[in-house]
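Below, read A as the first sequence line, B as the second, and so on, with proteins coming before strands; counting in each chain starts at 1.
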There are 2 protein chains.
Amino acid sequence: MPRVNRPPSDTSAGQGAAPTLDEVASRAGVSRATASRAINGGNRVSATAQAAVETAVRELGYTPNPAARSLVTRRTDSVALVVPEPDERVFSDPFFVHTLRGVNRMLATRDLQLVLLLARPGEEERRLLRYLGSRHIDGAIVVSHHRNDRLADHLAALSLPCAFIGRPWTSADKVAYVDTDNLAGGRAATELLVERGCRRIATIAGPGDMAAGIDRLEGWRTTLRAAGLADDLVEHGDFTEVGGEAAARLLLERAPDLDGIVAASDLMAAGALRVLAEAGRVVPDDVAVVGYDDVGVPERTSPTLTTVRNPIGEMAEQAVRLLLEQIDDQRGPRPIRVIFPPSLVRRDSA
Amino acid sequence: MPRVNRPPSDTSAGQGAAPTLDEVASRAGVSRATASRAINGGNRVSATAQAAVETAVRELGYTPNPAARSLVTRRTDSVALVVPEPDERVFSDPFFVHTLRGVNRMLATRDLQLVLLLARPGEEERRLLRYLGSRHIDGAIVVSHHRNDRLADHLAALSLPCAFIGRPWTSADKVAYVDTDNLAGGRAATELLVERGCRRIATIAGPGDMAAGIDRLEGWRTTLRAAGLADDLVEHGDFTEVGGEAAARLLLERAPDLDGIVAASDLMAAGALRVLAEAGRVVPDDVAVVGYDDVGVPERTSPTLTTVRNPIGEMAEQAVRLLLEQIDDQRGPRPIRVIFPPSLVRRDSA
DNA sequence: ACGTCCAGTGGAAGCGCTCCCACAAGCCCG
DNA sequence: CGGGCTTGTGGGAGCGCTTCCACTGGACGT
């Protein structure tokens with residue numbers, strides 16, 4: 001006695017229920033196995049069978065059931081983008097936005113889906129880890145920003161394929177990551193000003209709990225010391241324009257004679273430009289300004305911003321590539337790292 | 001002869017392989033059925049069995065396999081957030097960012113995952129629709145922004161549970177959506193200025209292909225006409241600060257005597273404030289300014305911005321609620337709509 | 001002529017889970 | 001004290017798919 005569990009109406013063409021592989025197979029006059037092969041790349045399938053299956057698929061509007069598929073393949077074809085989000089900064093940051101788009105674009109080419117995981121530390125982090133450990137996704141890309149973020153440890157322990165964008169604070173030797181050389185970037189920006197003849201060079205540094213902030217500041221500092229200049233003019237900003245304005249005002253107050261500013265982000269540099277203009281300083285003649293990132297902002301300021309280019313697109317791309325490698329040859333995660341060199345982009349502000 | 005397909009090493013405790021329900025069950029001394037019940041809410045399970053299962057789960061570090069589960073339940077417990085993304089505007093818009101966070105927060109409470117789907121019209125849209133039609137997700141939230149966006153039609157045809165944030169351009173009678181009354185908002189802002197005594201009131205409108213832009217503009221226009229004032233001072237911006245600056249400059253040039261500006265976003269209003277300050281106009285005495293949205297920006301401008309509050313958080317929340325209703329009682333999608341009234345928030349700029 | 005090989009194929013065994021159903025107790029009621 | 005409950009339980013049948021394996025027949029080498 002065959003089981004008939006479906007609603008009676010379903011005996012008909014059944015618009016409501018999605019077609020299954022069985023239906024495709026019988027319509028194409030082949031077995032389920034052959035139909036499956038035909039659909040997945042057509043290995044070891046005769047041309048006739050292939051064509052028949054393709055026709056059946058089209059006529060039925062068949063789409064494979066992803067749950068059934070991933071139950072057996074143990075792949076979900078989706079990867080997580082993990083964003084520790086202690087505040088809204090992440091989103092206002094063009095850096096992050098471009099990362100997101102880069103990752104998304106790259107994944108799309110491989111037909112992988114992006115699952116966005118926002119998680120503040122604390123309760124949400126537990127949820128996050130639980131999720132990551134549940135075979136929901138094939139791997140994770142982590143936008144690593146903040147200091148006390150033990151995600152890398154946990155991911156390494158989970159042995160889930162993952163790639164960090166930005167060096168993780170812990171377990172940097174256990175996971176794969178891409179990064180730029182922020183130290184070199186900070187140095188390059190500062191050296192430009194020194195060579196230009198600036199002698200009183202300030203910096204608007206990033207937050208002290210983010211690698212990008214710390215390293216760029218350090219690059220600024222070493223360069224100044226090497227040049228025998230004072231390195232006392234430091235104000236921290238939060239990578240935003242408003243933060244940059246506030247910092248610039250403070251600096252101007254502390255050192256009315258300053259003749260150069262290295263900002264740790266373009267947005268902060270833009271804020272500084274505005275403050276300098278208000279204060280009647282001419283850029284770059286009175287004060288030269290260098291930004292950081294070069295994504296979107298620098299062309300639009302006035303004057304246009306000389307900046308250190310952060311190859312965000314390539315970084316995102318590379319991160320995805322590292323991730324896919326790990327997913328593909330399942331020897332587990334491997335701690336590869338790729339560091340991109342920064343490059344100076346000269347425009348009008350310095 | 002039993003099938004032994006696993007690698008030999010797996011006979012042992014098998015750290016590598018994830019534990020299955022079977023293992024939990026046998027460890028707890030119950031059947032798989034009982035274990036399943038215990039894990040899913042514990043209905044019709046004795047206290048002892050419940051406890052035994054919970055212990056086993058903990059000891060084994062068991063997590064249900066989502067693929068297996070959704071294969072039978074026909075639920076994936078994840079919903080898509082669809083963002084038509086013709087350009088980067090979406091991300092720089094605080095409105096969008098807050099929507100994202102609101103949706104995410106709301107979904108988190110129900111343990112649903114957010115799958116972010118960015119799709120430019122064109123090739124990517126095909127991919128998107130294919131994805132949506134494949135039982136990958138239980139439903140979709142669509143941030144509806146742009147005019148020639150036929151997503152609503154397609155979703156209605158797919159009969160996939162969905163909810164739009166912002167009235168869709170087509171099929172508005174077939175799908176559920178939440179929106180604010182942008183017309184009323186535009187009116188309220190303008191009326192405030194009229195009552196204040198402004199007589200030469202300009203507007204910085206949003207893009208002409210977005211509902212929010214059009215409706216707010218229309219609200220401005222009807223109010224001015226009703227008051228017997230001229231409605232010729234219109235400049236369009238792109239919802240950004242830079243756009244607002246440009247528009248304000250243009251307006252000031254066209255009508256040096258203007259005494260009021262209604263901006264379709266806070267960011268544009270902030271840009272206008274800056275231009276007005278540069279031009280030596282005192283806000284609100286010379287020129288009164290009203291913004292729109294009230295999310296983050298208005299408190300930080302100087303002077304602080306009077307604005308029309310857009311209840312973004314509640315909208316996102318409500319959208320998720322509409323979606324969940326449809327998902328829960330599977331009578332298919334229903335075209336409910338919820339319109340939020342805007343409210344005026346008075347600060348210093350008007 | 002015969003074995004060998006290999007491209008194609010279908011049968012069937014699961015992947016790990018939920019849930020229907022049958023069944024065993026214990027309970028209360030008349 | 002037997003019939004009906006409710007409550008808890010396990011057996012087992014799938015969900016829709018991939019993939020192992022055994023098998024066929026024709027092309028090929030010797």
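With A:Asp138 contributing its side chain and A:Arg75 its backbone, the two residues share no donor-acceptor pair below 3.5 Å.
Residues B:Arg37 and B:Pro64 each lie close to DNA chain C; by heavy-atom proximity, the contact nearer the 5' end of the strand is made by B:Pro64. Checking B:Leu71 against B:Ala35, the closest nucleotide of DNA chain D that is more toward the 5' end is the one next to B:Ala35.
For A:Ser46 and C:dT9, the shortest distance from a side-chain N or O to OP1 or OP2 is below 4.0 Å. OP1 or OP2 of C:dG16 has not a single side-chain nitrogen or oxygen of B:Thr20 nearer than 4.0 Å. For C:dA12, the OP1/OP2 oxygens have no side-chain nitrogen or oxygen of A:Arg32 closer than 4.0 Å. Contact annotation: B:Thr34 side-chain N/O to D:dG10 OP1/OP2 distance is under 4.0 Å. Taking 4.0 angstrom as the limit, B:Ser36 places a side-chain polar atom (N or O) nearer than this to OP1 or OP2 of C:dT18. Phosphate contact (OP1/OP2 of D:dT18, side-chain N/O of A:Asn40, threshold under 4.0 Å): present.
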A:Glu325 vs A:Ile336, test: side chain to side chain contact (heavy atoms under 4.5 Å, CB included). Steps then yes/no. CA-CA 10 Å; A:Glu325 273 172 26; A:Ile336 311 169; 3.8 Å; yes

Salt bridge (Lys or Arg N to Asp or Glu O under 4.0 Å) between B:Arg321 and B:Glu317, intermediate numbers included: CA-CA 6 Å; B:Arg321 207 170 288 137; B:Glu317 208 168 287; 3.2 Å; yes

CA sep, side-chain torsions, deciding dist, call: B:Tyr177, B:Ile165, side chain to side chain contact (heavy atoms under 4.5 Å, CB included): CA-CA 6 Å; B:Tyr177 67 87; B:Ile165 296 182; over 6 Å; no

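Nucleotide C:dT18 holds its C1' atom 11 Å from the CD1 atom of B:Ile39, rounded to whole Å. One can place CZ of A:Arg44 at 7 Å from C1' of C:dC6, the figure rounded to the nearest angstrom. Protein atom CG of B:Asp22 is 13 Å distant from nucleotide atom P of D:dG10, rounded to whole Å. Counting to the nearest Å, the C1' atom of D:dC17 and the CG atom of A:Leu21 are 7 Å from each other. Nucleotide D:dC17 holds its C1' atom 16 Å from the CZ atom of A:Arg75, rounded to whole Å.
For C:dG16, the base has no donor-acceptor partner in the side chain of A:Arg74 [N/O atoms by modelled type, under 3.5 angstrom].
Minimum atom distance to the side chain of B:Asn65 is reached by C:dC17, of the listed C:dT9, C:dC17, D:dT18.
A heavy atom closer than 4.0 Å to some atom of DNA chain D occurs in no member of residues 49-60 of chain A.
A:Ile141 contributes atom CD1, which lies 6.5 Å from atom CG of A:Leu107 (distance to the nearest 0.5 angstrom). Note that the NE2 atom of A:His98 and the CG atom of A:Leu100 stand 10.5 Å from one another [nearest 0.5 Å]. Considering NE2 of B:His154 and CG of B:Leu151, their distance stands at 8.0 Å, rounded to 0.5 Å. Put simply, OG1 on A:Thr34 and CD on A:Gln50 are 10.5 Å apart, with the number rounded to the nearest 0.5 Å.
A side-chain N or O of B:Arg69 and one of B:Asn40 form a donor-acceptor pair less than 3.5 Å apart. Side-chain polar atoms of B:Ser70 and B:Thr73 form no donor-acceptor pair below 3.5 angstrom.
Backbone-only engagement by B:Arg69 is indicated by non-hydrogen atom pairs under 4.0 Å involving sugar-phosphate atoms exclusively.
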For nucleotides 24-27 of chain D, which of its nitrogen or oxygen atoms have a protein nitrogen or oxygen under 3.5 Å away, and what is each distance?
none

